[in-house]
Amino acid sequence: MNEDYRKIELIMALRNQGIRDRAILEAIERTPREMFLGPVFQPMAYSDQALPIACGQTISQPFVVAFMTDRLKLNKRCKVLEIGTGSGYQAAILSPLCRRVYTMERYRTLALEAGERFKQLGLGNITQMVGDGYKGWPNQSPFDRIIVTAAAKEVPEALADQLAVGGIMIIPLEDTSMNQDLVRITRSEKGYAYETLLPVRFVPLVEGVARES
Ligand code: SAH
């Protein structure tokens with residue numbers, strides 16, 4: 001089976017699972033996921049599963065990337081903050097759907113590799129920082145949308161503060177029995193409203209910048 005065929009199959013599977021937004025499906029179709037993987041995992045680029053990347057981290061499952069992107073309700077005016085650049089795949093999907101993506105990663109190695117991919121793909125509206133996502137990116141805030149791609153026990157306070165009024169945040173939250181749910185938080189003038197969307201499995205959100213040898 002060639003790659004194009006696998007890709008079409010993946011897009012069809014995403015449609016069947018309720019992802020109907022054409023711009024999102026198009027972004028997925030146009031983004032070569034194999035570029036975000038090491039050689040060993042490239043043959044699995046279009047199977048709908050999370051896969052290992054460097055530094056013991058993972059690239060999210062395409063369905064989860066599509067689902068989170070869909071539930072963010074993006075438009076071209078949105079300024080988006082992503083916590084957990086990882087491979088850069090989620091940021092690459094967000095890029096054509098919004099005005100600007102600010103993405104933070106605690107591993108310099110991952111951030112550098114992702115930056116190379118953004119350059120190769122000509123994704124000029126992505127700005128990166130190696131830093132602790134728990135602190136957010138105060139001097140670029142407020143953000144219209146915030147997407148956290150690692151699981152926390154509770155919503156980091158800085159991120160809640162940096163979400164614009166009228167903004168939306170999606171974050172995987174872990175409960176006391178270690179299960180995780182994607183939670184969507186909508187900020188209005190009255191405060192924050194929470195909705196539980198989907199059970200998921202993400203790597204943990206870890207405090208501080210990673211020490212690398
Ligand atoms: N969005 C990524 C998924 C990466 S997995 C992709 O599409 O490939 C989650 C990432 O979050 C990991 O790379 C991990 O190092 C990073 N991470 C975990 N805690 C963090 C923190 N406090 N600040 C920034 N990045 C963090």
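Just so you know, these numbers come straight off a predicted model, no measurement behind them. We count ligands from 1, going down the list as the structure has it; atoms in each ligand are counted the same way. Values reported hereafter were calculated over all heavy atoms of this structure, with side chains retained and with hydrogens, waters and symmetry mates removed.
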Give the atoms of ligand 1, by number and element, whose distance to some non-hydrogen atom of [X] is under 4.0 Å.
| X | result |
| --- | --- |
| Glu82 | 1 (N) |
| Ser87 | 6 (C), 7 (O), 8 (O) |
| Leu205 | 18 (C), 19 (N), 20 (C), 21 (C), 22 (N) |

Problem - Nearest non-hydrogen protein atom, atom 7 (O) of ligand 1 - result: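 The closest heavy atom on the protein side is Gln90 N, 3.0 Å.
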Exercise for the section: Distance to 0.1 Å, residue and atom name: give those for the protein heavy atom nearest to atom 16 (C) of ligand 1. Expected result: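 For atom 16 (C) of ligand 1, the nearest protein heavy atom is Glu105 OE1, 3.4 Å.
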Exercise for the section: Give a yes-or-no answer on whether the side chains of Thr109 and Glu212 include a donor-acceptor pair shorter than 3.5 Å. Expected result: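 A pair is found: one side chain offers a donor N or O, the other an acceptor, under 3.5 Å apart.
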Exercise for the section: Grab the two heavy atoms, one from Thr31 and one from Ile93, that are nearest each other, plus how far apart they are. Expected result: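 Minimum heavy-atom contact is OG1-CD1, 3.5 Å.
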Handout entry: Contact summary for Ala91 and Ile126, nearest pair of heavy atoms
Key =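 Where Ala91 meets Ile126 most closely, the heavy atoms are O-CD1, 3.8 Å.
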Using heavy atoms and a threshold below 4.0 Å, how should the contact between [X] and ligand 1 be classified: side chain, backbone, both, or neither?
| X | result |
| --- | --- |
| Cys55 | neither |
| Tyr89 | both |
| Thr85 | backbone |
| Arg106 | both |

Handout entry: Any Ala91 heavy atom less than 4.0 Å to ligand 1
Key =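 In this structure, Ala91 fails to qualify as a contact of ligand 1 - no heavy atom is under 4.0 Å.
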Exercise for the section: Using distance alone, determine whether Ser60 and ligand 1 share an N or O pair under 3.5 Å. Expected result: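 Min N/O separation from ligand 1 is not below 3.5 Å for Ser60.
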